[in-house]
Structures are given as C-alpha cells and as structure tokens.
Amino acid sequence: MSVKLAIVYYSATGTVRAMAERAAQAGEAAGAEVRLREVARQPTEGEREATPDQATSAGADHAPAVTADDVVWADAVLFGSPTRYGNVAGQLKVFIDSLGPQWGQGLLADKVYAGFTASQTAHGGQESTLLALYNTIHHFGGIIVSPGYTDPLKFVDGNPYGVSHVTGANNDEPLGQPQLDALDHLARRVVTTAGRLTGR
Ligand SMILES: Cc1cc2nc3c(=O)[nH]c(=O)nc-3n(C[C@H](O)[C@H](O)[C@H](O)COP(=O)(O)O)c2cc1C
C-alpha cells in the first residue's frame, strides 16, 4: 500500500497552484497516492484590485475542491498558501477552521505536515506565513517535517521552513529551478517520512 499524500492549496493568481502541481508530480514519483485539492477560489475585493486580470470568480476548476475527508484520508499533508500580510490566506484558513469536528476526534493527529507559499517580495513574510501555518499543525498533534537544510539544494532556495517563491513586481515571475528542486525535495521528504511512520 502506498503512502497517501494530500496537497491542499489556495491560489488567487496561479503561483501556488503551480507549486502544488509540481509537488503532486514529485509525490507520485516518490510512490505516493496523491490527492491534489484546491480551496475554492473566492477572490476578495483586494485580490481583484491587486490582480484584476488574473483573479477569477468563485469555483475550483483546476483541481477538485478540498473536503475534510481529504485531510483525514492522508498520511501526509502539504498545505500551500499565498502570503497575505505575512500570514496564511484567509480562504485556506477558513477551510482549516472547518476541521474542528475532525480535530475533536483526533483524526488530524499523527500525520506528517509541511507547507509552501509565495509572496510578491523577497522579505514579504514567507517565513512568517509558514510558521503561522505550523501553529495550527501543533494543535492538530501533527508531525511537522520541515525541509531544513537536509540537502545541498536547500542552500540554493534557502528556506528551511518549507518552500517559497517570490512572484516579483508584476506578480508573474515563473518558478525557477531552485524552487522546483525544493518542491521535489519536500514532497519526497514528507512521503519518505510518512512511509517510515506508517510502514507503507
Ligand atoms: C491581500 C493581499 C495581501 C498580500 N500580502 C503580501 C505580503 O504580505 N507580502 C508579499 O510579499 N506579498 C503579498 N501579497 C502578494 C501575494 O502574496 C502574491 O501575489 C502571491 O504570491 C500570489 O500567489 P497566487 O498566484 O498563488 O495567488 C499580497 C496580496 C494580496 C492580494
């Protein structure tokens, strides 16, 4: 039986989606059964103003809409969120906050978790976003498997808390090889660790 990896993301303008899709490919290459799931896009007025051409109306037409069962099902969960004021996007947080019943039954504990994010600026709060996400994981009783500097490639992308990408002034900088490598590494790492924990 394979490790079950859920990749749960919110993305207004596609960057975090591209990161999630890469992580999904890497998870499958590492032998996991992968569920790629999107938090239905509900762009706020601010998102529409910031990115009028890209932010779309509600609807999850890129990946199936996430449900609580996707998290309960998984042995490992990767959460992806754009950075919002140095924090997790409200849309993803609303989904996480909907998991109270599952949390209450202990169904979110003992899984492997990690995260990835994107921001427009280099010092715009990527690390604080990931650390804020991980506050929740402590409450789950989850096992945070951060990448650290466990591979030489982590000295290139430079984020030991997860994976992150800077979208730049026009919010359209594509993922570079360091980010792609770091996503591959993170997905492999969570799958391998979850495999050791579950015996799968
Ligand atoms: C309301 C709002 C808050 C944002 N806050 C930050 C921020 O704190 N730091 C930053 O660098 N970029 C910030 N951004 C830019 C987004 O983080 C950036 O566009 C993100 O990488 C887009 O991801 P996506 O393409 O997956 O939606 C913000 C954008 C919006 C709309």
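Note that ligands are numbered from 1 as they come in the structure, with each ligand's atoms numbered from 1 the same way.
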**Request:** Might you work through the side-chain contact (heavy atoms from CB on, under 4.5 Å) test for Tyr9 and Phe79, ending with a clear yes or no?
**Result:** CA-CA 6 Å; Tyr9 70 93; Phe79 283 117; over 6 Å; no
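Of the polar atoms of Tyr10, none of the N or O atoms is found under 3.5 Å from an N or O of ligand 1, judged by distance alone. Taking only nitrogen or oxygen atoms, main chain and side chain alike, Tyr85 reaches within less than 3.5 Å of ligand 1. Looking at Ala118 next to ligand 1, an N or O pair under 3.5 Å apart turns up.
At a threshold of 4.0 Å, the pair Asp70-Lys4 does not count as salt-bridged, since none of the basic side-chain nitrogens sits closer than that to a carboxylate oxygen. Under 4.0 Å is where a charged nitrogen must lie from a carboxylate oxygen, and between Lys111 and Asp75 no such pair does.
Counting the atoms of ligand 1 from 1 in the order shown, those under 4.0 Å from a heavy atom of Asn171 are 18 (C), 19 (O), 22 (C). Listed by number with element, the atoms of ligand 1 under 4.0 angstrom from any heavy atom of Gly124 are 7 (C), 8 (O), 9 (N), 10 (C), 11 (O). Listed by number with element, the atoms of ligand 1 under 4.0 angstrom from any heavy atom of Gly86 are 8 (O).
At a 4.0 Å heavy-atom cut-off, ligand 1 touches Thr167 through the side chain alone.
Looking at His165, Glu127, Gln126 one by one, the single match for side chain to side chain donor-acceptor pair (under 3.5 Å) with Ser119 turns out to be Gln126. Across Arg17, His62, Gln91, a single residue satisfies side chain to side chain donor-acceptor pair (under 3.5 Å) together with Glu38, and that is Arg17. Each of Val34, Val112, Val8, Val190 was evaluated against Leu78; a single residue qualifies, Val190, per the side chain to side chain contact (heavy atoms under 4.5 Å, CB included) test.
Under the 3.5 Å distance criterion, the side-chain polar atoms of Ser128 are matched with a main-chain donor or acceptor of Gly125.
For the residues Thr121, Thr129, Val16, Thr13, the heavy atom positioned nearest atom 11 (O) of ligand 1 is part of Thr121. With atom 6 (C) of ligand 1 as the reference point, the heavy atom nearest to it among Thr83, Asn170, Thr15 is part of Thr83.
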